[in-house]
Amino acid sequence: MKNLRYTSITGNSSKFLGLLAVYGVFLLLGFYAFVNMEHEGHWITGMNNQVVWGLPHVFAIFLIVAASGALNVASIASAFNKSFYKPLAKLSAVLAIALLAGGLIVLLLDLGRADRLIIAITHYNFKSIFAWNIILYTGFFAIVGVYLWTMLDWQVEKFKRIAGTVAFIWRLILTTGTGSIFGFLVARQGYDEAILAPMFVIMSFSYGMAIYILVLMATYKWTGRPLGNAVIKRLRDLLGVFVAATIYFAVVHHLTNLYITEHHGYEAYILRDGGLITNLFWIGQIVLGSLLPLALVYCPRPAKSRAMTALASILVIVGGFSALYVILIGGQSYPMTLVPGYEASSSFSDGVIASYNPSKWELMLGMGGVAVALLIVTFGLKIFRLVPESLADELTDPHKS
Amino acid sequence: MNTRQIIRLLTATAILLWSFNSIAASQYTGPNRDANGNIVPTPKGEKCVEPTADMRANHMKYLLHKRDKTMHEGIRTKQHSLVQCINCHATPGADGKISRVFEEDSQHFCSTCHASASVKLDCFECHADRPVESFSQSQIPAPNRRSEAVNGSIKPHVAYNRKVQ
Amino acid sequence: MDHNDMKETNKIDQYRRKFLGGSAVAAAGLALAPGVFLHTVQAKPDDEAVSNKNRWGLLIDTTKCAEGCSDCVTACNNEHGLREIHGPATDSQWIRHVTLKNKQTGHQIDMPMMCQHCEKPPCVDVCPTGASFKRTDGIVLVDKHICIGCRYCMMACPYKARNLVHEVLTDQLPTAPRGKGTVESCTLCVHKVDRGDGTTACAEACTAGVILFGDLNDKNSEISQRLAKEGGQQLRAELGLNTGVRYQGL
């Protein structure tokens with residue numbers, strides 16, 4: 001592989017400023033939503049005492065899961081020493097940090113007492129998987145930060161391999177932790193399953209890769225830098241594998257539940273009777289988010305088109321949001337069995353599907369988190385020398401050089 | 001300015017602020033005024049559970065300690081209990097009414113001082129800021145009042161005043 | 001002494017407590033009615049920490065619970081200052097009347113539901129800050145001072161016992177501090193327990209005698225004796241949480 005020149009983006013065009021302005025609008029809207037929720041309390045959101053985690057958590061968990069997956073490219077380069085991916089690694093690390101920051105900020109601003117954030121650090125319950133996640137998230141920032149440093153500073157470059165490996169292991173643990181937030185819940189039919197942890201890991205691979213492809217394409221297109229087909233092809237193939245693996249886990253998950261009589265009610269709700277949830281599962285997660293991207297990646301004709309690869313990535317993201325909405329809202333809205341064989345009814349939604357209608361505030365807060373993530377990536381590209389000036393095939397493709 | 005100078009300046013500022021604070025705390029201005037000269041309600045009883053100067057400096061520590069004792073161990077002695085503070089200190093002012101913490105120009109014992117010291121007072125977002133005897137029948141929730149709350153005559157977030165931060 | 005007598009005695013006790021007030025009950029009760037069995041709970045001194053010598057719990061006889069009755073709910077709301085604000089979806093309900101109907105036989109069970117005060121509470125396990133905790137006497141509480149409102153305990157509770165305060169509150173009662181953004185649930189009337197009332201607001205209000213409060217660790221307490229003689233089930237017993245609230249007639 002030839003020597004590549006890494007430069008920061010110029011970032012003074014009107015288009016760049018326009019991009020910042022768009023982020024700014026979403027940031028302001030997100031902040032406005034937070035101030036309102038903080039001032040009024042959560043009654044202005046769609047959340048209630050039955051569905052306690054709503055749209056902000058869908059956004060937050062999507063971003064956190066994707067953050068871990070965005071580190072894929074860097075992991076392949078450093079931990080597995082594949083030199084082809086090395087030019088792509090720095091952006092991958094910055095994107096991972098950015099997505100995690102975006103996700104966490106949504107999670108934190110949605111707390112009932114966001115003003116007491118410091119308590120999450122001063123008071124610790126080590127049995128809580130949520131508390132472990134606080135360590136995992138802060139650790140992720142630190143470790144990926146150090147890893148990025150080893151990639152940017154030649155003086156510490158000799159630690160790159162070890163830092164990259166630690167980051168890879170850490171992100172696997174991190175997503176296992178995120179999945180276990182649900183996996184460790186005995187109370188609800190939709191959760192309480194060990195498969196959720198590896199399922200979240202594989203979901204992270206695919207969502208993170210989709211976002212990485214889009215960010216890379218946008219960066220090179222908008223800065224007029226050459227981006228060869230060799231890079232796109234490799235990333236597209238990886239995306240395909242990850243999407244297929246995600247389907248595999250979804251199938252095993254639902255087949256297991258379908259076999260166990262106790263879970264038939266829950267599966268009927270998700271797969272057949274759930275209205276929006278059912279539509280999101282079949283149309284969002286399965287058709288748009290899995291089958292169509294697979295077709296776009298593996299059918300020879302669309303696979304040649306860069307636009308189709310971008311579309312596949314967008315669809316994977318749509319599928320990801322759908323999947324998390326189904327897991328979060330679907331899992332919470334399905335009623336618990338108090339006494340087996342008896343149908344419950346009460347003033348507290350016992351025995352009935354709990355309703356949840358997302359409010360504009362929650363959407364604004366979630367979009368604000370996305371804006372934070374993209375803003376960090378954009379600034380990262382401007383401040384650091386993250387991407388090569390050219391990723392043209394003759395520079396990257398080992399067969400052509 | 002180098003780092004050392006900055007540290008020196010910060011230290012000097014901190015000492016200065018601290019000494020002002022001590023002087024202010026030592027200016028005891030009689031039972032009806034707080035450290036800053038604000039008129040506060042006359043408390044019940046002869047003296048507080050600790051010397052006044054001690055309470056001014058350390059009431060938050062006592063309250064915090066007692067808070068955890070009560071919450072986790074069920075120790076409900078009157079000493080240092082917030083309810084007891086309120087029972088003695090939240091008394092009617094000249095107009096015969098007990099001032100509330102979050103009302104405009106509050107004359108509540110706690111909020112006058114906290115407002116002038118610019119220290120956020122968040123006990124009373126949850127805790128009662130007046131003795132239970134002073135709750136009028138209408139404020140003690142009863143079944144017949146519940147429907148009024150729905151119709152909007154009780155609007156908690158309107159009554160809430162963020163002046164004391 | 002059969003149940004009805006026991007119930008009568010309880011009522012008299014309650015009346016006496018109200019009449020005499022406070023901790024004088026135990027002594028005065030003995031002086032007033034020598035020879036009458038008194039189901040009294042020894043009030044602990046104010047400065048004594050609670051201990052695992054006691055485990056407070058409830059026994060609920062669903063066979064006596066009347067359809068459509070909400071006396072316990074009203075009493076709980078009044079005791080703790082719970083008001084209707086934005087409707088049942090977001091208002092706090094520490095106790096609720098649940099009706100269960102058998103899908104095949106149509107058999108109906110009416111019962112009150114509240115925090116089950118588990119020995120091994122999932123809400124305590126999952127709480128990141130330790131705000132959700134269990135007192136040594138078995139009462140599960142939220143330390144709202146360190147609750148950040150993450151609502152993970154609400155996700156984890158198998159009984160949906162927890163509520164988030166969805167709005168700014170005013171005029172909370174001194175005995176029941178509550179505030180926006182923190183999670184809350186049935187406290188087993190901890191302020192009454194500590195005062196030595198020996199009962200809860202719901203148990204006091206239930207004229208049908210559905211709810212019995214008592215010490216599960218005290219072999220001689222009425223609740224233990226009835227549990228020993230008549231038995232009592234836990235809701236979702238398969239989770240192995242060893243709840244402090246037991247049900248009869250399920």
Side-chain angles (χ1 to χ4, degrees), chain A residues 38-45 47-53 57 107-108 110-117 119-120 122-134 181-182 184-188 191 331-332 335-351 354-355, chain C residues 70 73 85-93 96-104 107-109 113 122 124-133 145-152 154-160 162-169 179-183 233 235-236 239 241 247 250:
Chain A
E38 167 71 12
H39 186 74
E40 293 283 339
H42 272 73
W43 74 274
I44 62 166
T45 71
M47 288 174 264
N48 50 54
N49 283 328
Q50 314 298 329
V51 178
V52 301
W53 288 356
H57 286 77
L107 204 62
L108 299 178
D110 182 59
L111 290 176
R113 293 290 310 232
D115 56 323
R116 286 187 183 162
L117 187 57
I119 290 175
T122 57
H123 290 70
Y124 239 76
N125 169 24
F126 282 99
K127 203 184 171 183
S128 165
I129 177 74
F130 227 45
W132 304 352
N133 273 284
I134 297 170
I181 289 177
F182 302 97
F184 287 7
L185 286 181
V186 293
R188 293 171 192 260
Y191 308 138
Q332 289 177 82
M336 302 178 194
T337 309
L338 284 179
V339 178
Y342 282 81
E343 266 169 0
S345 61
S346 76
S347 58
F348 204 60
S349 294
D350 284 295
S355 70
Chain C
S70 59
V73 178
I85 302 172
H86 291 112
T90 51
D91 288 348
S92 280
Q93 300 187 37
R96 59 190 194 267
H97 180 124
V98 173
T99 304
L100 297 162
K101 228 184 192 103
N102 191 299
K103 286 175 228 171
Q104 282 160 356
H107 177 242
Q108 185 174 320
I109 302 170
M113 268 289 287
V124 173
D125 289 345
V126 301
C127 176
T129 67
S132 195
F133 73 102
H145 305 105
I146 55 171
C147 172
I148 55 174
C150 75
R151 318 193 280 286
Y152 196 22
M154 301 174 75
M155 293 282 283
C157 177
Y159 309 103
K160 288 201 306 182
R162 290 244 156 132
N163 302 265
L164 176 78
V165 177
H166 279 72
E167 53 277 295
V168 177
L169 300 178
K180 185 201 80 188
T182 57
V183 173
Q233 278 176 274
L235 288 179
R236 303 192 73 178
L239 298 176
L241 305 173
Y247 288 81
L250 290 187

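Chain letters run A, B, ... following the sequence lines, proteins first and then strands; every chain starts at 1.
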Exercise. Parallel under 30°, tilted from 30 to 60°, perpendicular over 60°: which one fits the rings of W53(A) and Y152(C)?
Worked result: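 Answer is parallel, since the angle falls under 30°.
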Selection from [options] maximising heavy-atom pairs under 4.5 Å formed with chain C:
options	result
V51(A), N125(A), T122(A)	N125(A)
A131(A), S345(A), A344(A)	S345(A)
L117(A), T337(A), L338(A), V339(A)	L338(A)
L107(A), L108(A), D110(A)	D110(A)
G331(A), G41(A), A354(A)	G41(A)

Less than 4.5 Å apart, any side-chain heavy atom of [X] and any of [Y]?
X	Y	value
N48(A)	H86(C)	no
T90(C)	H42(A)	no
H145(C)	H123(A)	no
K160(C)	D350(A)	yes
S128(A)	C127(C)	no
Q50(A)	M154(C)	no
N49(A)	H166(C)	yes
N163(C)	F348(A)	yes

Max heavy-atom pair count under 4.5 Å with chain A, selected residue of [options]:
options	answer
P88(C), P122(C), G87(C), A89(C)	A89(C)
L235(C), D125(C), T182(C), V73(C)	D125(C)
L241(C), V165(C), V98(C)	V98(C)

Below 4.5 Å from any heavy atom of chain A, which atoms of [X] appear? Answer side chain, backbone, both or neither.
X	answer
I146(C)	both
C150(C)	both
H107(C)	both
V124(C)	backbone

Is [X] close to chain C through its backbone or its side chain, or both, or neither, when contacts mean heavy atoms under 4.5 Å?
X	answer
Y191(A)	side chain
I44(A)	neither
Q332(A)	side chain
D115(A)	neither

For this session: Decide yes or no on side chain to side chain contact (heavy atoms under 4.5 Å, CB included) for K180(C) and H39(A), but give the supporting numbers first.
Result: CA-CA 9 Å; K180(C) 185 201 80 188; H39(A) 186 74; 6.0 Å; no
Exercise. Please walk me through it: do V168(C) and E40(A) pass side chain to side chain contact (heavy atoms under 4.5 Å, CB included)?
Worked result: CA-CA 7 Å; V168(C) 177; E40(A) 293 283 339; over 6 Å; no
Exercise. Among L250(C), T99(C), L100(C), whose side chain to side chain contact (heavy atoms under 4.5 Å, CB included) with Y342(A) holds?
Worked result: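 Going through the options one by one, the only one that passes is L100(C).
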Exercise. Short question: side chain of K127(A), backbone of P128(C) - any donor-acceptor pair under 3.5 Å?
Worked result: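 Between the backbone of P128(C) and the side chain of K127(A) there is no qualifying donor-acceptor contact (under 3.5 Å).
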